[in-house]
2 protein chains.
Amino acid sequence: MRIGELADAVGVSTQAVRYYERERLMPAPTRGGNGYRAYDDQAVARIAFIRTAQSAGLTLVQIRSILDLRDRGVIPCDHVSDLIDDRLFEVRRRMAELAALEEELVQLRDRSERLDPADCSDGDICHIIAVQPQPSVLE
Amino acid sequence: MRIGELADAVGVSTQAVRYYERERLMPAPTRGGNGYRAYDDQAVARIAFIRTAQSAGLTLVQIRSILDLRDRGVIPCDHVSDLIDDRLFEVRRRMAELAALEEELVQLRDRSERLDPADCSDGDICHIIAVQPQPSVLE
DNA sequence: CTTGACCTTGAAGCGCAGTACAAGGCCTAG
DNA sequence: CTAGGCCTTGTACTGCGCTTCAAGGTCAAG
């Protein structure tokens, strides 16, 4: 299987496949006489795994750490569990941040409905967005 | 006021101030005889505004659009309202995405508790992360 | 024999909001 | 006179996951 066929089979670009190789998520493939990369079904499964892991929000670095274990013959399940837990923690932290931001935005919107633009002075720039005592450090 | 004093007053770095100038969020300041930038209290208010707007999740491009209106003598309140609405929409969309991702991760974690690592075959890479029929396109 | 679809490599660019570094000028205190 | 703490400019780098471009080689069909 050539790189284009592999890419089509998994639904990624050929550049992405080469990128995964550069980043050592994919092993250097065997080459045909013409220098073309040659892949087997394992490569399809491996890229499918990468994409699924990505859809769970894992980074390529984390995914590589899973693949590295597997390649060294270690069953990566425990490590994967840890990564999932980490990611879950991050996602929940992020959701809490966004919830706080949402509340702030709702308040700003309410404020914008209450305030009259005619009262908006030059020094304020815009009175809807008033300087907070403690600016929240989000995102 | 020199750039360092301005930066200290608002709690940003001098590089950030110069960056805002380059990005046209801050006007080119007057210069002292030595070439040093000289700022007044308006500059403090302006940077404070930028930071507050940032804490509401607005991008610098959006913030610049607000400042541009104000600088042209237009009261930017209506535009600010629109930006806040846009941002609120984006935040809510993102929260929904993250909620879906959280559910996916919880399922993966449950799965990892149910499955025995000993059953994890080489072809799978890891049986916790199984290829989905329709990989969700998140983040 | 040419066209076009595939493949190769390497380097650069994207978005975003800065940070970091280098090489130098200015100013004050000791 | 020198040390240090400011300031100036310009350039490059950060993270992340690619995409885009350039310049060329390979191969099958017509």
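Labels below follow one simple rule: chain letters A, B, ... track the order of the sequence lines, proteins then strands, and each chain is numbered from 1.
Between the C1' atom of C:dT9 and the OH atom of A:Tyr36 lies a distance of 13 Å, rounded to the nearest Å. Between the CD atom of B:Glu23 and the P atom of C:dC16 there is a distance of 11 Å, given to the nearest Å. Between the C1' atom of C:dT19 and the CD1 atom of B:Ile3 lies a distance of 14 Å, rounded to the nearest Å. Put simply, CD1 on B:Ile50 is 12 Å from P on C:dA17, counting in whole angstrom units. Here C:dA17 presents its P atom at 10 Å from CZ of B:Arg64, a figure rounded to the nearest Å. Here C:dT9 presents its P atom at 13 Å from CD of A:Gln15, a figure rounded to the nearest Å. The interatomic distance linking B:Ile63 (CD1) with C:dG18 (C1') rounds to 13 Å, in whole Å. Residue B:Arg22 contributes atom CZ, which lies 13 Å from atom P of D:dA12 at whole-angstrom precision.
Listed nucleotides: C:dC7, D:dC7, D:dC27. Nearest to the side chain of A:Thr14: C:dC7. Looking at the side chain of B:Arg31, the nearest of the listed nucleotides C:dT8, D:dT9, C:dC27 is D:dT9. Listed nucleotides C:dC7, D:dT9, C:dT19 differ in distance to B:Arg18; the shortest reach to its side chain belongs to D:dT9.
Using a 4.5 Å cut-off on side-chain heavy atoms (C-beta onward), A:Leu98 and A:Arg94 make contact. Counting heavy atoms from C-beta outward, B:Phe49 and B:Ile63 have side chains that approach closer than 4.5 Å. Counting only heavy atoms from C-beta outward, the side chains of A:Ile3 and A:Tyr36 never approach each other to under 4.5 Å.
If you run salt bridge (charged side-chain N to carboxylate O under 4.0 Å, His left out) between B:Arg46 and each of B:Asp71, B:Asp40, B:Asp41, only B:Asp71 comes through.
The list of side-chain hydrogen bond (donor to acceptor under 3.5 Å, both in side chains) pairs with a residue in residues 105-119 of chain A, not counting sequence neighbours, reads A:Ser112-B:Ser81.
For C:dG25, the OP1/OP2 oxygens have no side-chain nitrogen or oxygen of B:Asn34 closer than 4.0 Å. Between D:dT9 and B:Arg37, a contact under 4.0 Å exists linking OP1 or OP2 to a side-chain N or O.
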Any protein N or O atoms within reach of nucleotides 13-17 of chain D? Criterion: under 3.5 Å, listing atom names and distances.
unit_1, atom_1, unit_2, atom_2, d
D:dG17, OP1, A:Leu60, N, 3.4
D:dG17, OP2, A:Leu60, N, 3.4
D:dG17, N7, A:Tyr19, OH, 3.4

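When all heavy atoms are compared, the tightest approach of B:Gln54 to B:Leu60 is NE2-CD2, 3.6 Å. Minimum heavy-atom separation, A:Pro117 to A:Leu115: CD-O, 3.5 Å.
Between A:Glu21 and B:Ser13, the residue whose closest nucleotide on DNA chain C is further toward the 5' end is A:Glu21.
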